[in-house]
Amino acid sequence: MEGGPHKADSTEFKECVSLSFTRPYILQLALSAGIGGLLFGYDTGVISGALLYIRDDFKQVERSTVLQETIVSMAVAGAIVGAAFGGWMNDKFGRRLSILFADVLFFAGAIIMAAAPLPGIIILGRIFVGLGVGMASMTAPLYISEASPHKIRGALVSLNGLLITGGQFLSYLINLAFTRVAGTWRWMLGIAGLPALIQFFLMLMLPESPRWLYRKDRKKDAETILKRIYPADEVPRELDLLRQSVESEIAEEGAIGEYSLFGKVRKAWTTRMVRRGLVAGILCQVAQQFCGINTVMYYAPTIVQLAGYASNSTALALSLITSGLNAVGSIVSMYFVDRSGRRRLMIISLCGIILWLAVLSGVFYAASVKSPDVGFMETQHFSNFTCPAYNAASGIQWRCVDCLKAECSFCSNGDNKLLAGACLANPEANEPIKHACQSERRDWYTQGCPSNFGWVALVGLASYIISYSPGMGTAPWIVNSEIYPLRFRGICGGMAAVANWVSNLIVTQSFLSLTKAIGTANTFVLFACYSIVALVLIFLFVPETKGLPFEEVEKMMSDENYKAWKTRSAYKQHQLQEL
């Protein structure tokens, strides 16, 4: 919301804690809208565990890496459409109605997935869920931002990020709870409809964004909401600032003459101030995805298996650690986002991401080089089930990684899993193979190989999450909620969200295929390279918006001498000169 800069020695985190007791209505608004973030996070996490059991139930999914990627990424494809449509719907019908519609879509998708008799129906349900998540992902932070006092705006938008990571953590707990229940993945995916149902009824009891109401000439309604958000003595000033801002925007829009969707998009890219914001906002969203976070969150149990842990339940349990750290990182972000600033947090975050992606690459490379041999005698022990591609007579010594590359499975040594094991045909070709292996207390590997480096990979994953979550996890959403003028906020937020989801789709649809084609180690190197590029671009093009009301952000972005890396100090100097 509008208002002057707050005192430099105060932080939004402290203000947020204080106001949660003195004005609980503000927190009620933020938490209710933030369930959209919870839905986003739950969907991200739940599919990672459900996929393990979908593979077990549908052998065509087990056989096809592309089908696995499609089940995961179709929600992302739906989110692209949802985010694009959500930008228009936000401007046309308001933030509240957009959230309600997103809940309906998400609930329908959850029911479809839970009842799915075929992988194709699961994919259909994932598309519905994606449409809802896409709309919620850009609407929830926008609603929270516009219904929050500017002093705690960053902290409350960070709350949305916390609920995203909280949803991910909850999904892993749900996954673990249903591992031994009949219909495992159906429960995992179906129960996702419950948060959507809760948010639907909560949002029915809450008002529309005061900024949107004022823009639609519903001034009395906007004033009523402002009175519940601000102390009585601050309401006249906030209302006057809101009036000035909206009147200025209406006058400018009248001069522009652009009211259609495509007209607004064109005008956004041809208006220097808005274009600067779009470059910064879209860059943050694309960088968030190309540093590889959703490969970790969507495929965390699979990555844990690639690190050498064979059991589905063990992989899920260990993945819970990374999800928990992500949630903790979001809490840390709420404290530091207005002490250190959005820009600085992202830069520090990317430095840590680059370091730990390099470490993960080294760990997976060492694990592949040191993977156990395929033993002739061990394989002969299961002579009826030998991998068709394995030929001991050729004289070429196979390792476990060679066995998996040949689309076969590795049965570890019964005495020591690091010793030579057997390379056997995939279970879909002959179901008793897996049981024959496991009946001798051996481990069955289809994704990764036995390794002594598994614990190092887990440390690397945990450190990567700790680096990512407080900065790149939440700051891009905060920047996008602050950097656009009101007249373009819905459409620009939609474009930025679409950029986020398109990047997400590219990464999730290609991750498993990349690990097959170039190896897990090289895949993490690739993400590290992307992160280096992102670090440079964010330094050059993303300004600091910490503590600035929306009107002052617009003035900053309109400055003739605008330079993102100098903006903050230059803007403060300009303010002092005016005083």
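For the numbers below, each heavy atom of this structure counts, side chains included, while hydrogens, waters and symmetry mates do not. Positions are given from 1 along the sequence.
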Original post:
Run the side-chain contact (heavy atoms from CB on, under 4.5 Å) check on Glu238 and Ile229 step by step: do they pass?
Top reply: CA-CA 10 Å; Glu238 295 298 325; Ile229 294 173; over 6 Å; no
Original post:
Are Val104 and Leu100 close enough, and set up right, to give a side-chain contact (heavy atoms from CB on, under 4.5 Å), and what steps lead you there?
Top reply: CA-CA 7 Å; Val104 172; Leu100 289 170; 6.0 Å; no
Original post:
Can you check side-chain contact (heavy atoms from CB on, under 4.5 Å) on Leu206 and Gln28, steps first, answer last?
Top reply: CA-CA 9 Å; Leu206 292 177; Gln28 180 188 348; 3.6 Å; yes
**OP:** Verify side-chain contact (heavy atoms from CB on, under 4.5 Å) between Ile465 and Ile293, making sure each step is shown before the conclusion.
**Re:** CA-CA 8 Å; Ile465 291 294; Ile293 182 58; 3.7 Å; yes
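We find the CG-CD1 distance between Leu202 and Ile99 to be 11.0 Å, quoted to the nearest 0.5 Å. Between the CG atom in Asp91 and the CH2 atom in Trp212 there is a gap of 9.5 Å [rounded to 0.5 Å]. Interatomic distance, Ile112 CD1 to Phe107 CZ, rounded to the nearest 0.5 Å: 11.0 Å.
The side-chain heavy atoms of Phe106 and Phe200, taken from C-beta on, include no pair separated by under 4.5 Å. Between Ile47 and Arg126 the shortest side-chain heavy-atom distance falls below 4.5 Å. Looking at Asn90 and Tyr143, their side chains never come closer than 4.5 Å, going by heavy atoms from C-beta outward. Using a 4.5 Å heavy-atom threshold, the side chains of Val542 and Cys284 count as touching. When side chains are defined from C-beta on, Pro476 counts as touching Met472, because their heavy atoms get closer than 4.5 Å. Looking only at side-chain heavy atoms (C-beta outward), Leu461 and Trp356 stay at 4.5 Å or farther from each other. When side chains are defined from C-beta on, Leu242 counts as touching Leu226, because their heavy atoms get closer than 4.5 Å. Contact of the Leu39 side chain with the Asp103 side chain is registered, since non-hydrogen atoms from C-beta on lie closer than 4.5 Å.
Side-chain atoms of Ser209 and Glu146 form a donor-acceptor pair, as typed in the model, at a separation below 3.5 Å.
A donor-acceptor pair under 3.5 Å is absent between the side-chain atoms of Ser361 and the main chain of Leu357, judged by distance alone.
Around atom NZ of Lys216, more than 12 heavy atoms belonging to other residues, nucleotides or ligands sit under 6.0 Å away. A 6.0 Å sphere centred on CZ of Arg344 holds no more than 12 heavy atoms belonging to other residues, nucleotides or ligands.
Arg342 and Glu482 are joined by a salt bridge, as a carboxylate oxygen and a charged side-chain nitrogen come within less than 4.0 angstrom of each other. In this structure, Lys219 does not pair ionically with Asp221, as no charged nitrogen and carboxylate oxygen lie closer than 4.0 Å. Salt-bridge annotation for Asp240 and Arg243: present, with a side-chain N of the basic residue lying under 4.0 Å from a carboxylate O of the acidic one.
With sequence neighbours left out, Ile80 forms a side chain to side chain contact (heavy atoms under 4.5 Å, CB included) with Val498, Trp501, Val502, Leu505. Under the side chain to side chain contact (heavy atoms under 4.5 Å, CB included) criterion, Ile164 pairs with Phe40, Asn160, Gln168, not counting sequence neighbours.
The aromatic rings of Tyr464 and Tyr468 lie parallel to each other, their planes meeting at an angle below 30°, with 60° marking the opposite boundary. Classification of the Tyr530-Phe290 ring pair by plane angle, with boundaries at 30° and 60°, yields perpendicular.
The two residues Ala287 and Ile538 have their closest heavy-atom pair at CB-CD1, 4.1 Å. Across every non-hydrogen atom of Leu105 and Met135, the tightest pair is CD1-SD, 4.1 Å. The heavy-atom pair separating Ser349 from Ser467 by the smallest distance is OG-O, 2.6 Å. Taking all atoms of both residues into account, the shortest heavy-atom contact from Gln199 to Gly36 is NE2-N, 3.0 Å.
Both the sub-6.0 Å distance and the 45° axial angle are satisfied by Arg343 relative to the ring of Phe539.
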